[in-house]
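Some notes on the structure that comes next.
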Amino acid sequence: MIGLVGKSILLREDPPSASTTTRYRLLETIRQYGRERLVASGQERALQRLHRDHYRRLAAEAYAERFGPRQVSWLGRLKLDHANLRTALEYCFGESGETSVALGMATDLLYHWTTSHYLREGRRWLDLSLRCAGGPDEIRGRALWSNSWLAIIQADVVSATTMLEEARKLGERPGHEPVLAYVALYSGMIAMFRGDVDLAISLYEEAATRHRANDDPTGQALALVRLCLAHSFRGDWASAVSAGEECIALCDAHEEGWHRAYAMMALGIGVWSQGDAPRAEELEKESLRFNRSLDDLLGLGVNLEVLAWIAAAEGDHQRAARLLGVLETVWQTIGAPLSGFGHLTRYHEECEERTREALGKQSFDTVVRQGAKMRCDEAFAFALGEEAPSRGRSGEAEKPSPLTRRETEIAKLIAQGLSNKEIAASLTIAQRTAEGHVEHIMTKLGFHSRAQIAVWTGERIRNADGDRTPDA
């Protein structure tokens, strides 16, 4: 292996975290040559199927580990293997009779779609799979409620409602009762979105009961998080705290981290509403640290929201305004403000109104713009109180981009969530050419994933926009 690296046949990629191992990849020109030789050998389809089978198993294993001590390492591995996962899914739609495999695989990747920067892509794969695939009722039912969650995060409650109606019919068939637990859970989210708190709480309680009966700690944790939020919203602080603490205890018993972070977020809102700002801030920061380690943009956004509300309520309006600026960037990246937590919008609006009134419109707008231009690492460090924020433009003057004009164009398409195939079609170039450009972009920037390219590109665009005057 060392010899191949020394001859520049393989490129070494050091792990982005201690939970992942060192990886190696071929130079693009050598990879293309190997691909051509494979096609000429007549074994391409057989090896593509083996590749698909491997990543289908990997997705299934990751789903099985979604609630436990290995959760984070599996989610990190899926991010590193995203290109391979996409290739495996593409294979399924290029072969007759394989779409049912794609349905199961896209469903097993649910937590990959929700915790990474691939929410839109996950929704596309599930939409396509549900349209094209048949398959067992259990898998289709799970795919429907999984996709409904992604739709709710995108504020597409109409599509989510339609999918849940079909899932409910499947769940009413003998042997498919677990589907009904998730139908109740996500129907509760829709009820909260529509402002029917009493109905939402009833549905969450039904979901929690069904999940306990099914011995499903994942669903039970999700239901408890939502119960905590709903009780807080209604002003039932004791019930909110009880649900939040029960969820944290459940997660601790399973050595689970992601759902625990959301439970801390929800519990933070409850104790803040009771007037305990210091404890609420502590809970939100602990949740933020975990979500930051996982790069879960949705979780980070909600944490930042609550920290902004706390700052405004405590009279620290400069901090609140700067956090509101950071949030503009976060929600723009995700595509929907407070995605999946729309009932919390009133707190955001109250925070913004109070902060603007305290600072004055001109000062408020200035500080918000400063927050919107902060780099990701700087913004999260500021939120956690790890360092003082820089004034004006964040950091030193931005370095010139190392990318060519064409690479910059492709980086922007990656930030929009396009696959290599879609980029090739958009620019009327060969898919191999697009793949080569993506490879060069990663090499030049020292990145390991398309998500990193997307974040880097978004930051440069926002900084460029921030340099323009409002009338420009």
Side-chain angles (χ1 to χ4, degrees), residues 13-24 51-89 101 104-119 121-122 125-126 138-139 142-143 145-146 149-150 178 181-182 185 211-212 214-225 246-266 286-300 303 448-452:
E13 291 184 341
D14 291 323
S17 68
S19 62
T20 53
T21 59
T22 299
R23 297 162 69 92
Y24 298 86
H51 175 274
R52 191 281 311 274
D53 290 346
H54 171 76
Y55 283 98
R56 173 70 189 96
R57 287 192 297 271
L58 186 144
E61 289 177 41
Y63 188 77
E65 298 283 354
R66 69 193 181 281
F67 199 86
R70 300 180 63 199
Q71 171 200 68
V72 173
S73 62
W74 270 106
L75 290 173
R77 182 173 177 181
L78 292 179
K79 285 184 180 181
L80 291 174
D81 270 315
H82 181 76
N84 283 311
L85 295 167
R86 178 188 287 142
T87 299
L89 286 166
V101 178
M105 184 174 177
T107 303
D108 281 345
L109 291 171
L110 173 62
Y111 280 74
H112 175 57
W113 307 134
T114 56
T115 62
S116 66
H117 295 260
Y118 300 110
L119 180 65
E121 183 176 347
W125 283 120
L126 280 164
E138 186 275 330
I139 295 177
R142 190 155 59 86
W145 63 250
S146 296
W149 189 9
L150 301 186
Y182 284 98
L185 172 64
H211 285 308
R212 288 189 191 98
N214 296 330
D215 193 23
D216 181 355
T218 307
Q220 188 179 344
L222 288 169
L224 288 169
V225 168
E246 182 183 350
C247 186
I248 290 174
L250 175 67
C251 293
D252 287 344
H254 289 265
E255 300 180 64
E256 197 279 340
W258 186 79
H259 297 84
R260 186 180 191 277
Y262 275 77
M264 286 189 292
M265 174 275 293
E286 185 177 351
S287 176
L288 176 62
R289 289 186 186 95
F290 181 88
N291 288 327
R292 183 189 188 190
S293 71
L294 201 59
D295 197 22
D296 176 5
L297 202 57
L298 175 57
L300 289 166
N303 292 141
H448 306 279
S449 71
R450 298 168 77 90
Q452 291 174 300

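Each residue takes its place number in the sequence, starting with 1.
Closest approach of Ile139 and Gly104 over heavy atoms only: CG2-CA, 3.9 Å. Ser287 and Ala261 get closest at one heavy-atom pair: OG-O, 2.6 Å. Heavy-atom minimum distance, Ala223 versus Leu185: CA-CD1, 3.8 Å. Glu256 and Gly68 make their closest contact through CG-N, 3.8 Å (heavy atoms, listed as atom of the first residue, atom of the second, distance). Cys247 and Val225 make their closest contact through SG-CG2, 3.8 Å (heavy atoms, listed as atom of the first residue, atom of the second, distance). Counting all heavy atoms, side chain and backbone alike, Asp296 lies closest to Tyr262 at OD2-OH, 2.8 Å.
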CA sep, side-chain torsions, deciding dist, call: His211, Thr218, side-chain contact (heavy atoms from CB on, under 4.5 Å): CA-CA 8 Å; His211 285 308; Thr218 307; over 6 Å; no
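The line from CG of Asp215 to CZ of Arg212 is 12.0 Å long, rounded to the nearest 0.5 Å. The distance from atom CE of Met265 to atom CG of Leu300, rounded to the nearest 0.5 Å, is 11.5 Å. For the atom pair CZ of Arg260 and CZ of Phe290, the computed distance is 9.5 Å after rounding to the nearest 0.5 Å. Interatomic distance, Leu75 CG to Trp258 CH2, rounded to the nearest 0.5 Å: 9.0 Å. To the nearest 0.5 Å, atoms CH2 (Trp149) and CG (Leu126) are separated by 12.5 Å. To the nearest 0.5 Å, atoms CG (Leu222) and CZ (Phe67) are separated by 8.5 Å.
Side chain of Lys79 to backbone of Leu294: a donor-acceptor contact under 3.5 angstrom is found. Between the side chain of Tyr63 and the backbone N or O of Leu110, no donor-acceptor pair lies under 3.5 Å. Distance alone, capped at 3.5 Å, is enough to place a donor-acceptor pair between the Gln71 side chain and the Arg66 backbone. Trp74 contributes no side-chain N or O that, together with a main-chain N or O of Ala64, makes up a donor-acceptor pair within less than 3.5 Å. Panel note: side chain Arg86, backbone Ala83; no donor-acceptor pair is recorded below 3.5 Å.
Ion pairing of Arg70 with Glu61 is absent here, as no side-chain N (NZ or NE/NH1/NH2) approaches a carboxylate O to less than 4.0 Å.
Contact check for Leu89 versus Met105: side-chain heavy atoms found under the 4.5 Å cut-off. Under the 4.5 Å side-chain criterion, counting only non-hydrogen atoms from C-beta, Leu58 is in contact with Leu78. In this structure, Asn214 and Tyr182 have side chains that are not in contact, with every pair of non-hydrogen atoms separated by 4.5 Å or more. The side-chain heavy atoms of Leu224 and Ile248, taken from C-beta on, include no pair separated by under 4.5 Å. Side-chain contact between Leu250 and His254: present, with at least one pair of heavy atoms (C-beta onward) separated by less than 4.5 Å. Leu85 places none of its side-chain heavy atoms less than 4.5 Å from the side chain of Trp125.
Ring-plane geometry between His82 and Trp113 is classed as perpendicular, the angle between the planes exceeding 60 degrees on a 0 to 90 degree scale with a lower cut at 30.
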